[in-house]
2 protein chains.
Amino acid sequence: MLAAGLAVADEKGLDAVTMGAVATRLNVTPMALYRHVADKADLLDGIVELLLTEFPPPPAGSWADQLAAMAVAIRASAQRHPSVFPLLLQRPATTSRARLARDSVYSALQEAGVDVARIEQAERLVSTAILGFAASEAAGRFRNHSRRQLDADFAALQGLLRRFIESESRIVGNERPAATTPPAP
Amino acid sequence: MLAAGLAVADEKGLDAVTMGAVATRLNVTPMALYRHVADKADLLDGIVELLLTEFPPPPAGSWADQLAAMAVAIRASAQRHPSVFPLLLQRPATTSRARLARDSVYSALQEAGVDVARIEQAERLVSTAILGFAASEAAGRFRNHSRRQLDADFAALQGLLRRFIESESRIVGNERPAATTPPAP
DNA sequence: ACCTGAACACCGTTCAAGT
DNA sequence: ACCTGAACACCGTTCAAGT
């Protein structure tokens, strides 16, 4: 049922996500939906949560590769669900799915050697930058820019974040990770 | 009338911005609004545009001071109008007011000595980062964080952007601006 | 346990009519 | 030029009733 709501949003926009439209897609009357959600706000919450489900776990690899893969996946999710994605800015990472995504970024920063005292803030800044770009693109702020231009912007954003993380890291040059990071297997 | 709509949004949230609510505030019937806006979407567009009006022109000072002042002003505007501000992500800088804000960032980057070939992209990245943070804060994504924490995050974001701009700049050390920037008076 | 019909208050929008 | 009353289609939500 949340999938039906997401489908309506993807195909006809957020305004078309109506109790009636979702119900029709399920061959049911609008009132039947109230068995499964408290009200329309709850339905939208569920749809956003479903979108979060699509964020894949980060692949193995260096912290930079992990972060790059996550950023690309998040942007792709925004492009698939442009009318729902911007709603992510309204929700703190309270659900387990949202926390999982946040913790993935956290782990990558940890592996990068970011100082423990700064890692939470660094996570917020990195996540916000990626989310802000993806939401802007999805919501239409960049609608007058070419896909090629936006791809280049996104690559530049990733580079800027990578340099930020490196500057926040205690590791200089190519030394081994410091003591607080888990020892290599 | 746009001011009445913005006031309703600020006091009771975006969902409360109803043709009826705005009309009531103006001591008029809902239908009277259609003399001034084409439809409700047009009303919301106008309200967003009005919000843009509040961005002050950048003060005199170094490019870093100008940028910092603009970022602070944008964030303050988001805090004043939390339910309208996130709508900014939906609009490209097509109106003259929006272009003025964008050009202010552009000018600061120019003064900073950012390479002409990269200045437009740098403007998008810097603006998107600031907008993304302010919109996240306004929309509620950081609702579980203290004001103090968010102030620190915002300061860190500004620092990160400053370092990014410096790295994009051709100016090394304390030399005078290069040839393409206007000569000092 | 799940769904429906009828009903209610509310919303956006139109149109002809009023001043 | 600006505003209103009446009307229409649509929306979210409730509640008692149905299977």
Side-chain angles (χ1 to χ4, degrees), chain A residues 1-53 81-91 94-95 138-140 143, chain B residues 1-53 81-91 94-95 138-140 143:
Chain A
M1 164 191 155
L2 298 176
L6 182 57
V8 172
D10 290 345
E11 292 168 22
K12 314 200 180 171
L14 200 59
D15 289 347
V17 179
T18 248
M19 300 304 272
V22 176
T24 296
R25 187 172 275 257
L26 296 167
N27 292 313
V28 118
T29 63
M31 298 81 80
L33 302 184
Y34 289 89
R35 284 287 134 187
H36 305 93
V37 294
D39 53 20
K40 195 187 169 185
D42 191 34
L43 169 65
L44 289 174
D45 272 11
I47 293 174
V48 173
E49 187 67 11
L50 177 62
L51 181 148
L52 237 35
T53 281
H81 310 293
S83 55
V84 173
F85 191 90
L87 298 183
L88 276 180
L89 296 192
Q90 302 179 6
R91 325 231 99 254
T94 43
T95 68
R143 92 174 112 252
Chain B
M1 168 192 151
L2 298 177
L6 182 57
V8 172
D10 291 344
E11 291 168 23
K12 314 200 179 172
L14 200 57
D15 289 347
V17 180
T18 249
M19 300 303 273
V22 176
T24 295
R25 188 172 277 257
L26 296 167
N27 292 313
V28 119
T29 63
M31 299 81 81
L33 303 183
Y34 289 90
R35 285 285 135 188
H36 306 94
V37 294
D39 53 19
K40 194 187 169 183
D42 191 34
L43 169 65
L44 289 175
D45 272 12
I47 292 174
V48 174
E49 187 67 10
L50 177 62
L51 181 148
L52 236 37
T53 280
H81 310 294
S83 56
V84 172
F85 191 90
L87 299 182
L88 275 179
L89 296 191
Q90 302 179 6
R91 326 231 100 254
T94 44
T95 67
R143 92 173 111 251

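Here is the naming used below: chain letters follow the sequence lines, and residue numbers restart at 1 for every chain.
Minimum heavy-atom separation, B/L33 to B/L26: CD2-CD1, 4.1 Å. Here the shortest heavy-atom pairing between A/G20 and A/P30 reads CA-CG, 3.9 Å. The shortest heavy-atom contact between B/A21 and B/A16 is CB-O, 3.4 Å. The two residues B/R25 and B/A4 have their closest heavy-atom pair at CD-O, 3.6 Å.
Under 4.0 angstrom from either OP1 or OP2 of D/dC2 there lies no side-chain N or O belonging to B/H36.
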Candidate pair A/L43 and A/M1, rule side chain to side chain contact (heavy atoms under 4.5 Å, CB included), full reasoning:
CA-CA 9 Å; A/L43 169 65; A/M1 164 191 155; 3.7 Å; yes
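Taking OH of A/Y34 as the reference point, atom OG1 of A/T29 lies at 11.0 Å (rounded to 0.5 Å). With values rounded to the nearest 0.5 angstrom, B/L50 atom CG is found 7.5 Å from B/H81 atom NE2.
For the pair B/K40 NZ and D/dA9 C1', the computed distance is 17 Å after rounding to whole Å. Taking atom OH of A/Y34 as the reference point, atom P of D/dA16 lies 17 Å away to the nearest angstrom. Following rounding to the nearest Å, A/M1 (CE) and C/dC2 (C1') show an atom-to-atom distance of 13 Å. The distance from atom CZ of B/R35 to atom P of C/dG18 is 15 Å, rounded to the nearest whole Å. When rounded to the nearest whole Å, the span between CG of A/D15 and C1' of C/dC11 equals 13 Å.
Taking a 4.0 Å limit (strictly below) on heavy-atom distances, residues 16-33 of chain A reaches DNA chain C at A/V28, A/T29, A/M31, A/A32. Non-hydrogen atoms lying under 4.0 Å from DNA chain C are contributed by nothing in residues 44-51 of chain A.
The main-chain N or O of B/V17 is found under 3.5 Å from a side-chain atom of B/K40 such that the two form a donor-acceptor pair. No donor-acceptor pair under 3.5 Å is formed between the side chain of B/R143 and the backbone N or O of A/R91.
Helical stems in DNA chain C, defined as runs of 3 or more consecutive Watson-Crick or G-U wobble pairs with donor-acceptor distances under 3.5 Å: C:4-8 with D:12-16, C:12-16 with D:4-8.
In this structure, the side chains of A/L87 and A/L51 stay at 4.5 Å or more apart for every pair of heavy atoms. Residues B/L44 and B/V84 are not in side-chain contact: their nearest non-hydrogen atoms beyond the backbone lie 4.5 Å or more apart.
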